[in-house]
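Presented below is the structure to which this report refers.
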Number of protein chains: 2
Amino acid sequence: MSNIRKVAELAGVSVATVSRTLKSPDIVSPATRDKVRRAIEASGYRPNQMAVQFRSRRSHNLAVLVPTIANTFFARVIAGVQQAAREQGYGVLLCNTLGQEEDEIQYAGMVAARQADGVIQLRAFNPFPDDAVEPGRPLPMVNACEVLDDAPCPTLRIDNRAAARTLTEHLIALGHRRIAMIQGPRRSPLTRDRVAGYRDALAAAGIAPDETLLCPGDFTPASGHAAAGSLLAVESPPTAIFCESDEMAIGAISRLRQAGLSVPADVSVAGFDDIAFASYSDPALTTIAQPAEAFGRRAVEMLIAILEGRGEVAPRVVLPHELVIRDSTAPPRDDIRDRG
Amino acid sequence: MSNIRKVAELAGVSVATVSRTLKSPDIVSPATRDKVRRAIEASGYRPNQMAVQFRSRRSHNLAVLVPTIANTFFARVIAGVQQAAREQGYGVLLCNTLGQEEDEIQYAGMVAARQADGVIQLRAFNPFPDDAVEPGRPLPMVNACEVLDDAPCPTLRIDNRAAARTLTEHLIALGHRRIAMIQGPRRSPLTRDRVAGYRDALAAAGIAPDETLLCPGDFTPASGHAAAGSLLAVESPPTAIFCESDEMAIGAISRLRQAGLSVPADVSVAGFDDIAFASYSDPALTTIAQPAEAFGRRAVEMLIAILEGRGEVAPRVVLPHELVIRDSTAPPRDDIRDRG
DNA sequence: ATGAAAGCGCTAACAC
DNA sequence: GTGTTAGCGCTTTCAT
């Protein structure tokens, strides 16, 4: 393995000149620059990044804390993270946390240990201790997707409340009045905001909320399947189900079908996220499209802006969402509506 | 930020003793060890990993080259990689290559640049130049899932030919004789092996292969959707379709339904991978289950065994697969079978 | 524009 | 069992 000294000798210059040729070629005379470049070529020299990082005190790595990469929505976010990071010369250290706070704290410790320059957190939890950073310096973190209310760092999200309201309004406009909701984890701000939007829409339409129509879930198809089962058992079942993720919607539809019900003829089902499968499922899902890749990309840009201290970073960024109406939602059956 | 020297001073020992307390506590006397640990505690010392890595010449990072993380099968493999790596004290550098060989080569260069100690390649391509490693030393790579025939490193896969044969036999046993195949990319060894297994089964059953029933795809739902469309247009359409991925199967089913066909009543469809959605799609998919997380986990174990030079590493590992029969495959309709 | 030299924080001989 | 010390390969003043 060649090193900078060998290259310097070969080129007949000092190591400083080799270093400069690599980092700021413009301050090296063209003749010297060429000499050095030929020497690099000839020796097959690759700078030892461990040394570069160590010496320059930047790892040029970003840690991304993801609740679960097995979720296709997060997979897309991460694809966006990776691409943007690569474009900016950063590596991505993947941290699949499964929502374990102790693990998230440990991963965030990679910043203190200099393994990563900053973290992108996709869950509403601050993994840094209070004294993580000297006063005056910004916390090297961006919180995206599921965002802490009082995040000590820039955040990036959609307007979940407005999105949920829009989706619920769509259901109401179709004629539904008994609208269930299969939610995300209880304590998540995501759940809280979306439930708020759902209630907003009900209230605006003069529909009294019915707590028996609120079911917990965890965003997985299995939880949607189970929740749909319990909704089937309530005294007066819903004519529409709003699921907080497409994966749960797919699970719910599967359960409804097992019960001999047809979607949307008997029950309408709507999702959230607009994952790739949403348009291929049967029926194709009505859902809220979230800009998954953009979440990743923007989060990286914001984080690097913090790390490299260039300019102000917008503290609270809200990305656009979109209601996508497909085939899983329709007016309720007449006999059901009459009864409602 | 504290450093090892400060801790040494605080504890009244040398820096070497601090280092030893961290790396091999057993060779330090209990009394000293405690003193050092208290000093570490008191100063909030975190070893600078960049320095550790630099000095010890190991980054303790693994680069994982994945064709596309947006595919749920690969997402699971990567979840396995991450968990195993973490357990062994390694970080995971995610490289979403989209199958671009130039990018893969560049990512593999992270090993030469000392950013990563080794790579896990999930595609059938060797991203290392011939002179990547000095003679006698093993290539720091494991090739998993889609494997090169003459991989210059240990490989990890399932027996794709046998799996495809088993799945095709299942279709034949149901009474199908016109069995189409929606394939992966043409040049992939995966495709070649699975097509071979498919042909094995046809031959064993005395069914003449029909090239018009072979359609290319790229593992995405969109490609399955398109391929099913073209299969619908052939002169004598298939009664069963074997898709090389569940995602393509889901896309294909969606297309068949658009054409007014019912699965499995009119056409049987089988997938491959057994992704989470396979059991929630309508109908639930008959498929070949692959041990996705195990792929990731084993790949990490094998790679670390190479890197740390402990023991022999099995050069060609084959993991078990399993035929999972659900509801998307059934006997062909009588009128169709009679015609066949 | 270039070179000399001082480290970055740590590990690993080597000595005691 | 512990201390001393020489670097690892590079960047970055500070001279020239």
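Side chains included, hydrogens not; waters and symmetry mates left out as well; all remaining heavy atoms used. A, B, ... follow the sequence lines: proteins, then strands. Residue 1 opens every chain.
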- Message: In this structure, how many angstroms lie between the P atom of D/dG1 and the CG atom of B/Asp34, rounded?
- Response: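 B/Asp34 atom CG is separated from D/dG1 atom P by 15 Å.
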- Message: Between C1' on C/dG7 and CE on B/Met50, what's the gap in Å once rounded to a whole number?
- Response: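 Nearest whole value for this atom pair: 14 Å.
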- Task: Check salt bridge (Lys or Arg N to Asp or Glu O under 4.0 Å) between A/Arg86 and all other residues, then give those that pass, not counting sequence neighbours.
- Result: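 Applying salt bridge (Lys or Arg N to Asp or Glu O under 4.0 Å) to A/Arg86 gives B/Asp103.
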- Summary of protein contacts for nucleotides 9-16 of chain D, nucleotide by nucleotide, where a base hit scores B, a sugar-phosphate-only hit scores S (4.0 Å, heavy atoms): BBBBB---
- Any side-chain N or O of B/Ser14 under 4.0 Å from OP1/OP2 of D/dG3?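 Answer yes for this pair, as a side-chain N or O of B/Ser14 is under 4.0 Å from OP1 or OP2.
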- Message: I'd like to know if the side chain of A/Thr155 and the backbone of A/Ala144 have a donor-acceptor N/O pair within less than 3.5 Å.
- Response: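 Checked: no pair found.
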- Item | Pairing residues for B/Asn126 by the side chain to side chain contact (heavy atoms under 4.5 Å, CB included) criterion, not counting sequence neighbours |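 B/Asn126: side chain to side chain contact (heavy atoms under 4.5 Å, CB included) contacts with B/Phe128, B/Leu139, B/Met141, B/Leu148, B/Pro152.
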- Item | Nearest atoms (heavy-atom pairs only) where A/Val81 meets A/Gly296 |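 Of all heavy-atom pairs spanning A/Val81 and A/Gly296, the closest is CG2-CA, 3.4 Å.
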- Item | Straight-line distance of A/Asp117 CG to A/Ile306 CD1, nearest 0.5 Å |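 With rounding to 0.5 Å, CG (A/Asp117) is 12.0 Å from CD1 (A/Ile306).
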